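We name chains A, B, ... by the order of the sequence lines, and we start the count at 1 in each one. As the structure is a prediction and not an experimental result, all values here were calculated from the model. Any value given below was found using the heavy atoms of this structure, including those in side chains, with hydrogens, waters and symmetry copies removed.
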Amino acid sequence: MSKNTPKAIRGTQDIFGADAEAFAFVVETFERVRRLYRFRRIEMPVFEKTEVFARSLGETTDVVSKEMYSFEDRGGDSLTLRPEFTAGIARAYLTNGWQQHAPLKAATHGPLFRYERPQKGRYRQFHQIDAEIIGAVEPQADVELLAMADQLLKELGIEGVTLHLNTLGDGTSREAWRAALIEYFSAVKDQLSEDSQQRLEKNPLRILDSKDGRDKPFLADAPKIDDFLSDEARAFFKAVTDGLDAAGVKWVRAEALVRGLDYYRHTAFEFIPDEGSAAAEALGAQSTVLGGGRYDGLMESLGGPATPAVGWAAGIERLAMLVGKREIFDRAKLVIVPDTGNVEELAWYYTSQLRASGLSVEIAYSGKAKKRIDKARRTDPDAIFFVRERGHAEGNEYLRQGAHMSVIAMDELAEKVGTILGVGKIDWSR
RNA sequence: GCGAUCGUAGCUCAGUUGGUUAGAGCGCCGGUUUGUGGUACCGGAGGUCGGGGAUUCGAGCUCCCUCGGUCGCCCCA
């Protein structure tokens with residue numbers, strides 16, 4: 001590589017090969033599952049006015065205060081590359097009159113941007129799948145969303161991941177709990193870690209899931225949200241958990257699970273790898289694979305009417321790390337190898353016929369005949385079809401399967417190929 | 001933002017206590033051999049050893065800075 005060549009931006013990735021296939025598998029599975037749950041596909045702009053995020057996430061959150069890619073455009077507006085989906089979707093809901101579709105079940109996926117230190121499973125441009133239900137006050141919305149997340153993970157073949165569930169209560173419950181936590185931790189402030197002393201100011205809920213040994217002695221006796229829940233909030237949470245049980249979604253109560261962003265209310269959840277599982281090993285410190293909750297307060301922060309909503313997002317890269325390597329591209333079903341010379345047009349004829357019939361076919365046309373064969377073999381296909389000059393050996397087409405090779409007649413090819421690939425006789429007439 | 005660790009050909013890596021023209025395997029290109037066209041061999045191209053500076057007669061090997069990768073903290077998906 002020349003030192004003249006520009007390098008990729010830090011924290012971005014060029015995904016290729018098995019990783020790219022795993023990425024695609026995650027997105028394709030998500031698309032399939034969201035249709036089962038009848039979530040509508042939406043497409044969103046990658047950037048918004050900065051205030052969309054600043055007002056909804058909270059000015060003091062780390063995301064807003066130091067992780068956003070914000071810039072001034074040529075018209076002088078402050079714009080920001082989306083650091084998450086929810087705020088933009090909420091803005092779109094308000095500005096497009098999507099209220100008429102309420103409750104709106106929406107799904108999308110794409111790149112997000114956050115200026116963070118890159119790490120395993122954490123990038124500056126990363127990708128998420130996202131699902132939201134907007135305009136539904138019912139706890140059943142939470143249940144449906146979580147059932148979808150659970151099924152998605154199952155269909156991705158991801159095991160050893162458990163739903164951790166908590167409630168933050170309604171606005172009043174949450175504030176009362178927060179005040180109690182501040183009071184409780186302030187009394188022992190000197191003994192807390194530096195990080196937690198700061199959290200006491202900015203986000204006291206976060207002290208609860210501190211990993212610092214100095215904080216842990218105080219966590220067990222910290223005030224519990226359950227003691228601050230209003231009757232309504234308690235009933236709501238019970239309806240959610242009852243619904244999950246009925247839907248067959250396994251969950252565990254996680255009293256210390258909180259959300260970093262200001263707009264969350266009631267249900268908060270994360271799917272987290274079980275300790276010691278292969279999934280936990282694969283993800284390193286970035287443990288959450290899918291997270292979300294209810295955000296009844298968000299729409300108002302954007303100047304809209306009070307609108308209940310729930311949603312979740314999952315990092316595609318993290319999910320892709322858990323689905324394992326996928327080599328579907330590397331393994332060709334059938335490779336067509338024309339000898340150099342006058343048979344290449346014939347080979348193209350066969351190839352286009354087979355592709356039009358719906359078969360995935362590779363044609364080797366690069367290099368000399370020997371190279372073509374070597375390359376064909378390396379893809380480990382189910383079959384290699386040699387197209388040769390008339391007069392070569394006994395025929396002009398050979399179909400090879402494994403170590404066995406046989407001469408076949410042209411009119412048998414469709415059937416032979418179909419049989420070897422297990423797709424029945426190929427219809428070339430289309 | 002903080003800490004640790006790594007950075008040699010396209011890829012995976014060797015490179016002894018600093019010493020002459022930096023190596024291997026794979027891949028790529030060319031050739032020979034083989035042949036129911038999964039072989040073997042020969043040759044070739046490709047590196048200013050991430051970048052910059054310092055020490056030294058001399059640095060891929062030492063020191064400093066810087067840019068990246070990786071892992072952890074913070075935060076979060």
Side-chain angles (χ1 to χ4, degrees), chain A residues 1-13 16-17 26 57 60-68 83-86 109-131 149 193-196 198-199 202-203 206-207 209-213 257-261 269-273 283-293 311-322 337 339-340 364 366-381 384 386-388 392-395 398-407:
Chain A
M1 181 184 73
S2 164
K3 67 179 179 181
N4 249 340
T5 307
K7 280 181 283 195
I9 293 169
R10 180 168 210 199
T12 63
Q13 9 167 29
F16 177 78
V26 170
L57 306 189
T60 60
T61 56
D62 278 17
V63 172
V64 171
S65 62
K66 50 191 187 194
E67 295 177 0
M68 294 205 303
E84 58 127 44
F85 276 118
T86 307
H109 65 83
L112 294 308
F113 305 85
R114 241 119 97 166
Y115 189 87
E116 294 184 278
R117 188 77 175 268
Q119 226 173 283
K120 186 178 199 172
R122 192 172 83 180
Y123 307 93
R124 287 183 173 180
Q125 178 179 333
F126 59 105
H127 302 79
Q128 287 185 347
I129 51 179
D130 182 277
S193 65
E194 295 79 7
D195 282 335
S196 285
Q198 284 194 356
R199 283 190 274 239
K202 285 172 52 187
N203 196 353
R206 275 279 162 199
I207 300 176
D209 58 5
S210 170
K211 295 169 189 163
D212 197 299
L257 192 155
V258 297
R259 305 270 71 201
L261 308 178
F269 53 84
E270 294 181 6
F271 283 80
I272 301 175
L283 287 176
Q286 314 305 315
S287 55
T288 302
V289 295
L290 185 153
W312 56 250
I316 298 176
E317 288 88 348
R318 291 185 190 175
L319 291 173
M321 284 191 282
L322 300 180
V337 181
D339 253 332
T340 47
S366 172
K368 308 180 105 172
K370 189 180 176 61
K371 286 286 177 200
R372 299 179 180 195
I373 294 156
D374 286 346
K375 278 180 179 166
R377 284 190 201 297
R378 240 175 279 133
T379 62
D380 189 28
I384 298 175
F386 296 101
V387 182
R388 304 165 129 177
H392 192 295
E394 294 173 48
Y398 285 71
L399 193 62
R400 176 181 176 282
Q401 180 184 31
H404 175 72
M405 170 174 258
S406 59
V407 184

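- Under the side chain to side chain contact (heavy atoms under 4.5 Å, CB included) criterion, A:Ala149 pairs with A:Phe271, A:Leu290, A:Trp312, sequence neighbours left out.
- Nucleotides B:G60 and B:U55 have their P atoms positioned 16 Å apart, rounded to a whole Å.
- A gap of 45 Å separates the P atoms of B:G27 and B:C74, to the nearest Å.
- When heavy atoms are screened at a 4.0 angstrom cut-off, A:Phe271 is found touching no nucleic acid atom at all.
- A search for salt bridge (Lys or Arg N to Asp or Glu O under 4.0 Å) contacts involving A:Arg124 returns nothing, not counting sequence neighbours.
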Exercise. Show your working on side chain to side chain contact (heavy atoms under 4.5 Å, CB included) between A:Leu112 and A:Phe85 and close with a plain yes or no.
Key: CA-CA 8 Å; A:Leu112 294 308; A:Phe85 276 118; 3.6 Å; yes

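- Contacts of A:Glu84 with the nucleic acid, taken as non-hydrogen atoms under 4.0 Å apart, are absent.
- Using a 4.0 Å cut-off, no side-chain N or O of A:Arg10 falls inside it from OP1 or OP2 of B:U66.
- The P atoms of B:A59 and B:U66 are separated by 24 Å, rounded to the nearest whole Å.
- In this structure, A:Arg122 does not reach the B:U70 phosphate: none of its side-chain N or O atoms is under 4.0 Å from OP1 or OP2.
- With sequence neighbours excluded, the residues forming a side chain to side chain donor-acceptor pair (under 3.5 Å) with A:Ser193 are A:Ser196, A:Asp215, listed by chain and number.
- Every residue two or more places apart in sequence or in another chain was checked for a salt bridge (Lys or Arg N to Asp or Glu O under 4.0 Å) with A:Asp195, and none qualifies.
- A gap of 22 Å separates the P atoms of B:U34 and B:C26, to the nearest Å.
- Contact annotation: A:Lys202 does not reach the phosphate of B:C74 (side-chain N/O to OP1 or OP2, under 4.0 Å).
- Atom pair A:His109:NE2 and B:A77:C1' shows a separation of 16 Å (rounding to whole Å applied).
- Among the heavy atoms of the strands lying under 4.0 Å from A:Arg206 are primed sugar atoms or P, OP1, OP2 only; no base atom is included.
- Comparing the P positions of B:U21 and B:C49 gives an interatomic distance of 14 Å, to the nearest angstrom.
- Taking atom C1' in both B:C2 and B:G47, one finds a spacing of 36 Å when rounded to whole Å.
- Here the C1' atom of nucleotide B:G1 and the CG atom of A:Asp62 are 10 Å apart, to the nearest Å.
- A:Arg318 contributes no side-chain N or O that, together with a main-chain N or O of A:Val289, makes up a donor-acceptor pair within less than 3.5 Å.
- When rounded to the nearest whole Å, the span between CD of A:Glu67 and P of B:A77 equals 10 Å.
- Qualifying salt bridge (Lys or Arg N to Asp or Glu O under 4.0 Å) partners for A:Arg199, counting only residues two or more places apart in sequence or in other chains: none.
- B:C76 and B:A4 are spaced 25 Å apart, taking the P atom of each and rounding to whole Å.
- Among residues two or more places apart in sequence or in another chain, the side chain to side chain contact (heavy atoms under 4.5 Å, CB included) test is passed with A:Thr12 by A:Ala8, A:Ile9, A:Gln125.
- Regarding A:Leu283, its CG atom lies at a distance of 16 Å from the C1' atom of B:U70, rounded to whole Å.
- Nucleic acid contact class of A:Lys66 (heavy atoms, under 4.0 Å, all strands): none.
- Inter-residue side-chain proximity for A:Ile316 and A:Ile129 is flagged as met; some heavy-atom pair is nearer than 4.5 Å.
- Under the salt bridge (Lys or Arg N to Asp or Glu O under 4.0 Å) criterion, A:Glu317 pairs with no residue at all, not counting sequence neighbours.
- Atom NE2 in A:His127 sits about 17 Å away from atom C1' in B:C76, given to the nearest Å.
- Place A:Ser210 and A:Gln128 on RNA chain B by their nearest nucleotides, and A:Ser210 ends up nearer the 5' end.
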Between the protein and nucleotides 3-7 of chain B, which nitrogen or oxygen pairs are less than 3.5 angstrom apart?
unit_1, atom_1, unit_2, atom_2, d
B:G3, O6, A:Arg117, NH2, 3.4

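- Atom C1' of nucleotide B:C76 and atom CD of A:Gln125 are separated by 17 Å, given to the nearest angstrom.
- For the salt bridge (charged side-chain N to carboxylate O under 4.0 Å, His left out) test with A:Glu116, the passing option among A:Lys66, A:Arg10, A:Arg122 is A:Arg122; the others fail.
- The shortest distance between the side-chain N/O atoms of A:Gln119 and the OP1/OP2 oxygens of B:G72 is below 4.0 Å.
- Rounding to whole angstrom units, CD of residue A:Gln13 and P of B:A77 are separated by 17 Å.
- When the C1' atom is compared between B:C63 and B:C42, the two are found 46 Å apart, to the nearest whole Å.
- In this structure, A:Asp195 atom CG and B:C2 atom C1' are separated by 10 Å, rounded to whole Å.
- For B:G72, the OP1/OP2 oxygens have no side-chain nitrogen or oxygen of A:Lys120 closer than 4.0 Å.
- Each of B:C75, B:G69, B:C76 was ranked by its minimum atom distance to the side chain of A:Arg318; first place goes to B:C76.
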Exercise. Whenever both distances are under 3.5 Å in a Watson-Crick or G-U wobble pair, mark it; put RNA chain B into dot-bracket that way, with [ ] for crossing pairs and | when the partner is on another strand.
Key: (((((((..((((.....[...)))).(((((.......))))).....(((((..]....))))))))))))....

